[in-house]
Amino acid sequence: MDQPDISNMLNWHSQYKEPALFGRRIIFDVIVPILKNLPNSFHTEQIGASFNNIPIYKVSIGNGKTKVLLWSQMHGNESTGTKAMFDLFQFFINPKQNTKLSHKILTECTLVFIPILNPDGAAAYTRKNAQDIDLNRDALTLEASESKLLNTVLKEFNPKFCFNLHDQRTIFSVGEDKLPATISFLAPSVDEARTITKGRKITMSVITAMNAVLQKIIPNQIGRYTDEFYPTATGDNFEKAGHHTVLIEAGHFKDDYDREEVRKYNFLALLAGLKHISVGKFEEYKPYFDIPNNEKLYLDIIYKNVFLLDKNQKVDVGVIFKEELVDDKIVFKPTVTYTDDLSNYNANIYIDKKGKILKNKEELVAMIEN
Ligand SMILES: [Zn+2]
């Protein structure tokens with residue numbers, strides 16, 4: 001099949017980037033005008049509303065036999081998947097140099113998207129919904145209205161494949177160089193024993209294809225999430241019910257606190273996954289296990305060479321940003337997390353304090369957090 005090498009499409013992403021979306025906080029109001037202006041090839045329909053009565057939509061495109069369901073922001077403050085989803089819409093609206101790929105996907109697949117499944121959490125910039133429920137741990141009880149909606153779409157549409165789009169914190173690293181885990185994948189388990197079922201092998205083969213594309217662009221920045229079985233998690237239960245469910249975690253890229261760089265990789269990963277599904281060959285799954293596990297060895301800042309008088313020793317100081325919504329803006333608040341020898345860690349920024357003498361940890365915390 002004459003199709004482009006997706007790894008070459010990185011430079012073209014700017015042509016597909018939905019200009020109305022930017023930064024970390026993507027709320028329902030921002031996507032409404034985009035949804036309203038989608039061309040007739042898209043079918044847009046309200047499926048219900050959140051606990052606080054914000055509408056939730058599904059968007060369908062394509063008319064192929066393989067059904068694929070994709071949803072984003074089931075954790076309200078994890079918006080990179082939403083941005084990548086709308087970039088994908090732009091790709092289908094005007095694929096430019098890639099008409100063959102677009103045509104192939106839309107004739108082989110029917111795609112249903114649910115952007116911002118948790119609009120209350122998006123508004124409040126929280127992981128959980130307005131009832132303080134984690135939608136990704138609500139797959140069995142379906143306590144939240146948003147979980148019920150997702151489940152109804154799942155039952156009615158009965159997709160062969162699902163994409164569950166999340167963001168992960170900056171702390172995740174990959175490999176010996178402890179580079180940030182810019183994208184992480186998971187083929188969720190269906191039991192405590194983490195059995196490699198026939199279904200999971202197919203999910204793993206989709207991830208294998210996505211990883212192959214990303215390794216060419218951001219080598220050694222792709223991680224594999226733990227496949228510990230979570231009995232109440234969405235992905236685990238969807239996979240168990242026979243829907244091949246791919247989890248994508250968009251993470252950190254050097255200096256990319258708006259997650260606009262990782263947005264590209266998330267877009268390309270989705271495109272690579274959909275291309276793989278539209279071609280329909282799922283035998284190759286073993287390279288999934290070559291993707292290194294995520295570790296937590298990345299920090300936002302490491303201060304080197306601080307001398308603490310009360311301990312009479314030199315320490316490194318590890319700082320993690322806590323994100324808070326203040327006056328409708330995301331503020332990154334530096335928080336001292338470790339005072340130790342941090343030579344085993346990597347950080348976005350290193351600051352050498354050149355032996356600066358401080359009385360104790362309290363003085364240190366005051367210096368960094370104020
Ligand atoms: Zn999440």
Side-chain angles (χ1 to χ4, degrees), residues 23-28 50-51 56 69-85 113-140 142-144 146-147 149-151 154 162-174 180-189 203 207 210 222-239 245-253 256-259 262-263 265-267 269-270 273 293-296 298 320-325 330:
R24 288 299 276 272
R25 184 162 171 254
I26 304 293
I27 61 173
F28 175 72
S50 67
F51 183 77
I56 297 170
L69 175 63
L70 310 91
W71 64 93
S72 69
Q73 267 174 283
M74 74 186 309
H75 290 147
N77 56 359
E78 299 176 7
S79 62
T80 306
T82 304
K83 294 188 286 186
M85 203 180 253
F113 298 85
I114 307 176
I116 316 190
L117 180 65
N118 175 8
D120 296 344
Y125 203 66
T126 56
R127 175 184 178 87
K128 294 178 179 178
N129 81 343
Q131 298 159 281
D132 206 31
I133 296 168
D134 183 338
L135 303 187
N136 203 25
R137 296 287 179 269
D138 191 33
L140 291 181
L142 300 177
E143 217 181 315
E146 298 88 354
S147 312
L149 288 174
L150 178 62
N151 212 259
L154 184 85
C162 294
F163 288 84
N164 184 4
L165 306 181
H166 288 256
D167 274 53
Q168 65 188 355
R169 287 171 297 159
T170 307
I171 57 171
F172 289 101
S173 60
V174 188
T182 302
I183 292 281
S184 294
F185 293 114
L186 171 67
S189 292
T203 309
I207 292 173
M210 296 192 292
I222 301 124
R224 183 156 53 96
Y225 225 80
T226 171
D227 68 349
E228 182 188 342
F229 178 60
Y230 289 98
T232 62
T234 306
D236 305 48
N237 281 284
F238 284 17
E239 181 72 45
T245 303
V246 173
L247 178 82
I248 304 180
E249 297 273 358
H252 185 68
F253 186 87
D256 181 33
Y257 284 94
D258 285 320
R259 300 248 162 133
V262 63
R263 165 186 189 166
Y265 311 127
N266 202 340
F267 163 81
L270 285 174
N293 286 310
N294 267 3
E295 292 181 274
K296 291 180 182 170
Y298 198 87
I320 290 178
F321 292 146
K322 293 241 167 16
E323 295 163 37
E324 284 178 23
L325 187 65
I330 309 300

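When a ligand or atom number is given, it counts from 1 through the structure's own listing order.
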Notebook entry, point to check: From N294 CG over to I171 CD1, what is the distance, rounded to the nearest 0.5 angstrom?
Noted result: 9.5 Å
Checklist line | Euclidean distance, S147 OG relative to L142 CG, rounded to 0.5 Å | finding: 6.0 Å
Check: N/O/S of E78 less than 2.8 Å from the Zn ion (ligand 1)?
Finding: yes
Check: What atom name does the N, O or S atom of H166 nearest to the Zn ion (ligand 1) carry?
Finding: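 Answer by atom name: ND1.
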Next item on the list: Looking at H75, pick out the N, O or S atom nearest to the Zn ion (ligand 1) and give its name.
Entry: ND1
Next item on the list: Compare all side-chain heavy atoms of V246 with those of M210 and state whether any distance is below 4.5 angstrom.
Entry: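 Side-chain contact under 4.5 Å: yes.
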Next item on the list: Keeping the roles fixed (side chain from R127, backbone from D134), state whether a donor-acceptor pair exists under 3.5 Å.
Entry: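 No.
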